[in-house]
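Have a look at the structure below, then the notes.
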There are 2 protein chains.
Amino acid sequence: MHIDDKHADCCDENVVHDDLIHLVADDMPEEEELYDLAELFKVFGDTTRIKILYTLFKSEMCVCDIAEVLGMSQSAISHQLRVLKQAKLVRNKRDGKQIIYSLDDVHISKIISMGLEHVKE
Amino acid sequence: MHIDDKHADCCDENVVHDDLIHLVADDMPEEEELYDLAELFKVFGDTTRIKILYTLFKSEMCVCDIAEVLGMSQSAISHQLRVLKQAKLVRNKRDGKQIIYSLDDVHISKIISMGLEHVKE
DNA sequence: TGTTTATATGAATAATTGTTCATATGTTTA
DNA sequence: TAAACATATGAACAATTATTCATATAAACA
């Protein structure tokens, strides 16, 4: 009763629960890995960025055209492209005055289409 | 030159770009669907919620035990479980005094493991 | 029935974030 | 070289959000 009694007033007398708690807690992935994972999904968690990714599925495109497709300011798009690039979801190359953006990850479309399946239910 | 000249000073003379813009813009999914998709990913975009989902992969569990596994307050966990439930990612059932939470979607583990693949690269 | 236990929830606060505006950087063209 | 164009970026502001604290709800038990 006194051994393994970590928490004071909640689920207290249940030894089975305590076993389960340690079992699950010990198997939790690294803090940093979970943080990175959450950061990745955070990037998908914005309509503008989702639209940009959708756009780049179709074709690589310069910043100005992406802004035109989405009907948003060049600055707003540029800021979001930076976020996407930091997450290694897009890459860019220069073509004269323009910077051409394209998708930089094979998992993206799978992740998104899987999310869509869930949403559509 | 005057026809199809939607934007004033950017990518202006390039008719090919204008074609591309309309092609891509017309194929964009419904605003509401994209919004829902972003909302779904937003739910994954928090370390606490990711940890809760990871925990529930292992086993269904009462609120108090989840709080214990994560070393967080019961209130914080309860708030987050509500978010997860609204997103239909978890469900609950009553068992006496306790409420037992479990995963409520087959896509979740696929989505998360795919995200992990990307992060690990 | 009254007390204890487990969970939920509203309000408040601190932190994060998306867009706008102004401007800087870097390339092309006249 | 100067002007025009495409993109990037810092600061500011508004909006959203995760946690805490206090308290409400609801079941179990004495």
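Quick note on labels: first sequence line is chain A, next is B, and so on, each numbered from 1.
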- Message: Angle between ring planes, A/F41 versus B/F41, binned at 30° and 60°: parallel, tilted or perpendicular?
- Response: parallel
Nearest-angstrom distance from the residue atom [atom1] of [X] to [atom2] of [N]:
X     : N      : atom1 : atom2 : answer
A/L81 : D/dA6  : CG    : P     : 16 Å
A/L70 : C/dT20 : CG    : P     : 12 Å
B/E39 : C/dG18 : CD    : P     : 12 Å
A/I99 : C/dT25 : CD1   : C1'   : 11 Å
A/M72 : C/dC21 : CE    : P     : 12 Å

Kindly give the atom pairs (protein nitrogen or oxygen, nucleotide nitrogen or oxygen) under 3.5 Å for nucleotides 14-16 of chain C.
none

- Heavy-atom pair with the smallest gap, counting every atom of B/I108 and B/L103: CD1-CD2, 4.3 Å
- Query: Would you say a side-chain N or O of B/S73 is under 4.0 Å from OP1 or OP2 of D/dT19?
  - Reply: no
- Tell me whether the OP1 or OP2 atom of D/dA8 has a side-chain N or O from A/Y101 closer than 4.0 Å. yes
- Should B/M114 and B/L89 be counted in the same cluster of Ile, Leu, Val, Met, Phe, Trp and Tyr side chains packed under 4.5 Å apart? yes
- Flag yes if A/M28 and A/L20 sit in one hydrophobic cluster, no otherwise; membership is Ile, Leu, Val, Met, Phe, Trp, Tyr, and two members link when side-chain heavy atoms are under 4.5 Å apart. yes
- Which residues satisfy the side-chain hydrogen bond (donor to acceptor under 3.5 Å, both in side chains) test with A/Q86, sequence neighbours excluded? none
What nitrogen or oxygen pairs link the protein and nucleotides 9-12 of chain C at under 3.5 Å?
from: C/dT9; atom 1: O4; to: B/S75; atom 2: OG; distance (Å): 2.7
from: C/dG10; atom 1: O6; to: B/H79; atom 2: NE2; distance (Å): 3.0

Just wondering, do [Y] and [X] contact through their side chains at under 4.5 Å, heavy atoms?
X     : Y     : answer
A/I21 : A/D18 : yes
A/Q80 : A/K51 : no
B/S78 : B/Q74 : yes

- Task: With axes from five pairs an end, tell me the bend angle of the helix from C/dT1-D/dA30 to C/dA30-D/dT1, nearest 10°.
- Result: 20°
Return the set of residues passing salt bridge (charged side-chain N to carboxylate O under 4.0 Å, His left out) with [X] (not counting sequence neighbours), or none when no residue passes.
X     : result
A/E33 : none
A/E60 : A/K93
A/K97 : none
B/E32 : none

- Message: So if I take residues 46-60 of chain A and measure heavy-atom distances to DNA chain C, which residues fall below 4.0 Å?
- Response: A/D46, A/T48, A/R49
- Query: Is atom NZ of B/K42 surrounded by more than 12 heavy atoms (other residues, nucleotides or ligands) closer than 6.0 Å?
  - Reply: yes
- Task: Can you tell me which residue pairs pass the ring pair (Phe, Tyr, Trp, His ring centres under 6.0 Å) test with a partner in residues 57-97 of chain B, sequence neighbours excluded?
- Result: B/Y54-B/F57
- Item | Pairs satisfying salt bridge (charged side-chain N to carboxylate O under 4.0 Å, His left out), at least one member in residues 73-91 of chain B, at least two apart | B/R91-B/D104
- Only residue of B/I66, B/I77, B/I52 satisfying side-chain contact (heavy atoms from CB on, under 4.5 Å) with B/M72 is B/I77
- Please list residues of residues 83-97 of chain B whose heavy atoms come under 4.0 Å from any atom in DNA chain D, ordered by number; otherwise none. B/R94, B/G96, B/K97
